[in-house]
Amino acid sequence: MDGLIEAALHVRDHAHAPFSEFKVGAALEGDDGQIHTGCNVENATYGLTVCAERVAVFKAVSEGARKFRRIAVVADTDALTPPCGACRQILWEFCGDIEVILANLHGKTESLRLKELFPRPFDASFL
Ligand code: THU
């Protein structure tokens, strides 16, 4: 199994999802090969919940990482779970058109470019 998917699968075990019981793991690979992981962290107010992908990006950025190659997202769904709209925006901002690997617990995987999921982004080029 791809090590990046394995890392996402492993960190998914740390998901704090008592409200939805929908656990997600994400693993973001830096251009130096380092893997930055994240799981979803829910909150009783619901709206303060942060997705696995954003946790991975913010952890990586706060450690000084700035260039990324790929992200793997793992959830327990037959139809592979893609990043939500907010995560697509954040991924575009920090990672550009990276490879997004979706995977489930049964070995199903799919690889996309972020641009396919987020075709006409708003970003700093408009400011
Ligand atoms: N979630 C993620 O962490 N990533 C996704 O790609 C989709 C949704 C989380 C947010 C929330 O904790 C739960 O899954 C249900 O929406």
Side-chain angles (χ1 to χ4, degrees):
M1 189 195 289
D2 185 325
L4 199 64
I5 297 176
E6 216 163 352
L9 193 61
H10 182 256
V11 73
R12 181 179 169 275
D13 288 339
H14 299 151
H16 177 72
F19 307 108
S20 72
E21 292 182 11
F22 190 85
K23 295 181 170 198
V24 185
L28 179 63
E29 184 182 70
D31 69 345
D32 59 356
Q34 204 180 324
I35 294 177
H36 308 271
T37 58
C39 61
N40 52 330
V41 182
E42 297 188 345
N43 186 270
T45 63
Y46 296 6
L48 291 179
T49 290
V50 186
C51 294
E53 296 90 326
R54 270 175 288 159
V55 171
V57 170
F58 294 152
K59 277 177 65 188
V61 170
S62 71
E63 294 299 321
R66 285 295 184 275
K67 288 193 175 146
F68 305 101
R69 290 201 287 240
R70 307 185 294 160
I71 186 168
V73 181
V74 174
D76 185 16
T77 53
D78 290 331
L80 298 173
T81 298
C84 77
C87 288
R88 293 177 200 200
Q89 178 70 34
I90 295 294
L91 285 168
W92 180 260
E93 180 103 3
F94 288 102
C95 311
D97 191 22
I98 56 164
E99 182 184 2
V100 180
I101 300 163
L102 310 179
N104 69 11
L105 305 190
H106 307 291
K108 185 176 174 185
T109 67
E110 184 182 352
S111 170
L112 302 145
R113 304 304 301 195
L114 184 60
K115 207 67 193 279
E116 296 175 66
L117 292 168
F118 201 48
R120 195 171 168 179
F122 174 80
D123 60 20
S125 68
F126 290 93
L127 300 174

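Indexing begins at 1, ligand by ligand and atom by atom, following the structure's order. Because the structure is predicted, anything quoted here is derived from the model rather than measured.
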Quick one: side chains of residues 93-109, donor-acceptor pairs under 3.5 Å with protein atoms, not counting sequence neighbours, listed by atom name and distance.
unit_1 : atom_1 : unit_2 : atom_2 : d
Asp97  : OD1    : Leu114 : N      : 3.3
Asp97  : OD1    : Lys115 : N      : 2.8
Glu99  : OE2    : Ser111 : OG     : 2.7
Asn104 : OD1    : His106 : N      : 2.8
Asn104 : OD1    : Gly107 : N      : 3.3
Asn104 : OD1    : Lys108 : N      : 3.0
Asn104 : ND2    : Thr77  : O      : 3.2
Lys108 : NZ     : Asp78  : O      : 3.0

Transitive ILVMFWY side-chain link Val61 to Leu28, under 4.5 Å: yes
Connected via hydrophobic side-chain network under 4.5 Å: Ile5 and Val11: no
What class does the angle between the rings of Phe122 and Phe126 fall in, given that below 30° is parallel, 30 to 60° is tilted and above 60° is perpendicular? parallel
Lys/Arg-Asp/Glu bridge criterion (N-O < 4.0 Å) met for Arg70, Asp2: yes
Cys51 heavy atoms, cut-off 4.0 Å: which ligand 1 atoms fall inside? 1 (N), 2 (C), 3 (O), 4 (N), 10 (C)
Inter-residue atom distance Thr81.OG1 - Glu53.CD, 0.5 Å rounding: 9.0 Å
The criterion is ring-ring contact (aromatic ring centres under 6.0 Å, His included); which residues satisfy it with Phe58, sequence neighbours excluded? none
Strictly less than 4.0 Å: does any protein heavy-atom distance to atom 4 (N) of ligand 1 fall in that range? yes
For ligand 1, find out whether one of its N or O atoms is nearer than 3.5 Å to an N or O atom of Val73. no
Looking only at distance, does Thr81 have an N or O less than 3.5 Å from an N or O of ligand 1? no
Starting from atom 14 (O) of ligand 1, what is the nearest protein heavy atom, named by residue and atom, and what distance separates them? Phe22 CD2, 3.3 Å
Give the atoms of ligand 1, by number and element, whose distance to some non-hydrogen atom of Ser20 is under 4.0 Å. 13 (C), 15 (C)
Taking only non-hydrogen atoms of Asn40 and a 4.0 Å limit, the atoms of ligand 1 in range are 3 (O), 9 (C), 11 (C), 12 (O), 13 (C), 14 (O)
Which of the numbered atoms in ligand 1 are under 4.0 angstrom from any heavy atom belonging to Glu53? 2 (C), 3 (O), 4 (N), 5 (C), 6 (O)
Side-chain heavy atoms of Leu117 within contact of Trp92, under 4.5 Å: no
Show which atoms of ligand 1 fall inside a sub-4.0 Å distance from at least one heavy-atom site of Pro82. 6 (O)
Element-labelled atoms of ligand 1 that are located less than 4.0 Å from some non-hydrogen atom of Glu42: 11 (C), 12 (O), 13 (C)
Say whether Pro83 and ligand 1 are in contact under the criterion: heavy-atom distance to a ligand atom below 4.0 Å. yes
